[in-house]
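Have a look at the structure below before the remarks.
For the numbers below, each heavy atom of this structure counts, side chains included, while hydrogens, waters and symmetry mates do not.
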Amino acid sequence: MIAPPQPLKINYSRTALKHYTWRHLSQHTNFARHPTPSAHRWSHPPSSAVVADDDVSSLASKPLHTLSLADLVKHGSPPLSAPALFSSANFTLSLLPIRLAHRIQALRNLPFIVVSNPNISKIYNNYLHSLSTLLPYKSRTISNLEDEIQFTEVLADLVETHAHTIPTLARGFLECRKYINPEEVTRFLDEHLRARIGTRLIAEQHIDLHNSSQSHQDPNGKDLGSGQSSYIGVIDTALQPATIINSCGNFVSEICELKYGVRPTWIIDGEPATTFAYIPVHLEYIITELLKNAFRATVESGKCHEPIIITIAAEPETTRMGLNPLDKDQKLDRVVPREFDLEENPPIKPFDDPAPGVTIRIRDRGGGISPEVLPNIWSYSFTTFADADELPGQTHGSGNMDALNAISSVGGSSIAGLGYGLPLGRAYAEYFGGGIAVQSLYGWGCDVYLRLKGLGRPKS
């Protein structure tokens with residue numbers, strides 16, 4: 001008599017069992033019909049990157065450094081000496097792994113069914129991948145050009161990897177809208193965007209300082225020469241808002257002409273010659289989104305003959321001894337690291353005094369924003385754009401289109417910006433102490449106030 005076969009016993013390790021369980025559930029469970037309770041505080045989508053949970057937890061437990069514009073310029077004006085370049089690399093390395101770990105932890109804290117979405121899981125994997133490329137540098141100091149060059153290549157990969165993070169997240173949240181409320185989406189995207197601004201800036205600043213310094217390019221150490229530039233990495237110390245406004249106005253007016261057949265006009269008044277130190281890419285994004293709203297409202301209200309008035313006002317500079325109360329929290333770092341050669345990298349002078357601010361007002365005759373719409377303009381889950389050509393605030397036909405659709409849409413030529421342009425623009429403005437305020441005179445038009453804090457004007 002043959003004994004019946006005994007069941008096969010397999011001793012799974014805890015890690016192997018977790019991955020087996022994930023694959024089994026992925027193949028045999030319909031997540032849409034059986035959502036995992038949001039009480040699960042962590043989620044582990046499948047990932048090819050190898051990062052230990054202990055590393056993520058340890059880094060995520062560390063506080064985030066509050067980034068300031070002064071942090072970005074404290075290493076000196078390019079071209080940097082080799083010691084200054086190494087100091088910039090090590091400063092970057094001290095910040096990025098902690099920031100990435102915080103974002104990984106935030107993604108794990110989403111409901112499991114949400115983080116299981118392919119788009120959100122992709123972002124999760126991107127963060128794990130980027131952290132895994134930085135961890136090998138965690139236990140060492142960058143002190144030679146070879147390591148600095150390799151580290152800069154890692155940063156370039158990080159920037160490229162996360163280039164489309166926000167649209168991809170928006171697609172994911174759009175697909176998971178049944179399982180997460182709009183307030184939570186707005187909170188997460190707002191927090192994620194603000195964290196991403198700092199992470200991207202830190203990486204891009206060192207990449208730009210690397211590219212504009214000659215120490216890594218000439219093995220003989222010769223001075224290859226460089227023209228005078230107002231840029232310190234990604235910061236333009238002599239940025240003229242009027243130039244950015246005209247450039248963005250031309251771009252948006254072309255989009256407007258393609259969609260509506262007309263080109264609104266604009267007038268810059270106030271102090272158009274004002275310059276200050278700021279990040280041009282941020283200002284370009286903010287101004288483009290604000291002009292999209294103003295141009296669209298102007299055209300759709302039939303007021304194309306009314307120019308949009310853009311006023312630039314520079315706040316008065318404070319004296320060296322008298323701090324502006326608004327500036328009390330912005331302490332500029334004036335300490336020059338010991339390893340810097342003061343002859344090769346003198347301390348940056350424009351930032352000795354508290355920074356003056358610049359306020360830009362954009363005034364249009366586009367009919368204003370209805371009282372029903374006004375409370376929702378800062379939400380990522382709301383926009384007044386509809387498929388039919390309607391005035392802002394109208395809900396005929398298909399009604400309001402969700403802002404997540406606008407963010408996740410592929411083309412960048414749409415004139416529809418209401419709903420996501422304002423919250424994204426506000427996040428950029430507020431990151432360094434500025435802000436956006438909207439005053440609507442319903443039936444007449446809107447005034448939008450953009451306040452920016454810079455680092456002051458360059459001194460000779």
Side-chain angles (χ1 to χ4, degrees), residues 15 18-27 29-32 34-36 38 40-53 55-56 59-60 96-135 154-180 182 184-200 203-204 380-381 402-412 420 424 427:
T15 302
K18 179 171 64 178
H19 289 300
Y20 169 78
T21 304
W22 171 269
R23 290 195 301 269
H24 182 76
L25 290 174
S26 298
Q27 294 169 3
T29 305
N30 185 338
F31 288 109
H34 302 282
T36 302
S38 59
H40 287 192
R41 294 297 304 277
W42 55 269
S43 306
H44 285 74
S47 174
S48 58
V50 180
V51 178
D53 284 349
D55 287 332
V56 174
L59 290 168
L96 287 185
I98 297 174
R99 287 178 165 270
L100 295 176
H102 274 264
R103 299 324 306 155
I104 291 170
Q105 198 66 47
L107 286 162
R108 288 180 176 180
N109 288 342
L110 289 172
F112 188 75
I113 192 172
V114 175
V115 80
S116 302
N117 174 272
N119 288 299
I120 297 177
S121 179
K122 177 181 179 181
I123 298 303
Y124 174 85
N125 287 320
N126 286 346
Y127 276 97
L128 277 181
H129 164 76
S130 295
L131 182 58
S132 70
T133 62
L134 290 175
L135 285 179
V154 170
L155 294 182
D157 174 73
L158 183 149
V159 170
E160 179 62 27
T161 298
H162 298 274
H164 305 292
T165 290
I166 298 300
T168 305
L169 278 177
R171 281 193 291 271
F173 282 120
L174 188 62
E175 293 165 359
C176 296
R177 61 197 313 160
K178 291 182 181 178
Y179 313 110
I180 187 167
E184 193 171 352
V185 171
T186 296
R187 180 198 59 76
F188 182 89
L189 283 178
D190 206 42
E191 177 186 330
H192 194 92
L193 176 69
R194 291 168 194 269
R196 181 178 178 273
I197 290 171
T199 301
R200 193 175 183 88
E204 289 184 335
Y380 290 94
S381 299
D402 195 289
L404 293 177
N405 279 308
I407 302 176
S408 62
S409 60
V410 185
Y420 74 96
L424 290 179

Check: [Y] and [X] side chains under 4.5 Å, non-hydrogen atoms:
{"X": "Ile120", "Y": "Glu175", "value": "no"}
{"X": "Phe188", "Y": "Leu107", "value": "yes"}
{"X": "Asn117", "Y": "Arg171", "value": "no"}
{"X": "Arg103", "Y": "Ser130", "value": "no"}
{"X": "Leu59", "Y": "Leu131", "value": "yes"}

Verify, without hydrogens or angle tests, whether Ser121 (side chain) and Pro118 (backbone) share a donor-acceptor contact under 3.5 angstrom.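 Answer holds: no.
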[X] side, atom [atom1]; [Y] side, atom [atom2] - distance, nearest 0.5 Å:
{"X": "Leu189", "Y": "Glu184", "atom1": "CG", "atom2": "CD", "result": "10.5 Å"}
{"X": "Asn125", "Y": "Thr161", "atom1": "CG", "atom2": "OG1", "result": "11.5 Å"}
{"X": "Ile104", "Y": "Ile123", "atom1": "CD1", "atom2": "CD1", "result": "12.0 Å"}
{"X": "His164", "Y": "Leu169", "atom1": "NE2", "atom2": "CG", "result": "13.0 Å"}
{"X": "Ile98", "Y": "Leu96", "atom1": "CD1", "atom2": "CG", "result": "9.5 Å"}

How close do [X] and [Y] get, heavy atom to heavy atom, and via which atoms?
{"X": "Val56", "Y": "Ala101", "answer": "O-CB, 3.8 Å"}
{"X": "Ala203", "Y": "Leu158", "answer": "CB-CD2, 4.4 Å"}
{"X": "Thr199", "Y": "Leu100", "answer": "CG2-CD2, 4.3 Å"}
{"X": "Ile113", "Y": "Cys176", "answer": "O-SG, 4.2 Å"}
{"X": "Ala163", "Y": "Arg196", "answer": "O-NH2, 3.3 Å"}
{"X": "Arg99", "Y": "Ala195", "answer": "NH1-O, 3.5 Å"}

Determine, step by step, whether Val114 and Phe173 satisfy the side chain to side chain contact (heavy atoms under 4.5 Å, CB included) criterion, reporting the C-alpha distance in whole Å, the side-chain angles of both residues, the deciding distance to 0.1 Å, and the verdict. CA-CA 7 Å; Val114 175; Phe173 282 120; 3.9 Å; yes
Going through the checks in order, is the side chain to side chain contact (heavy atoms under 4.5 Å, CB included) test met by Val185 and Arg177? CA-CA 9 Å; Val185 171; Arg177 61 197 313 160; over 6 Å; no
Geometric class of the His162/Tyr127 ring pair [parallel <30°, tilted 30-60°, perpendicular >60°]: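 Rings of Tyr127 and His162: tilted, as their planes differ by 30° to 60°.
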Any ion pair linking Glu191 and Arg187 (charged N to carboxylate O, less than 4.0 Å)?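 The answer is yes: the pair qualifies as a salt bridge.
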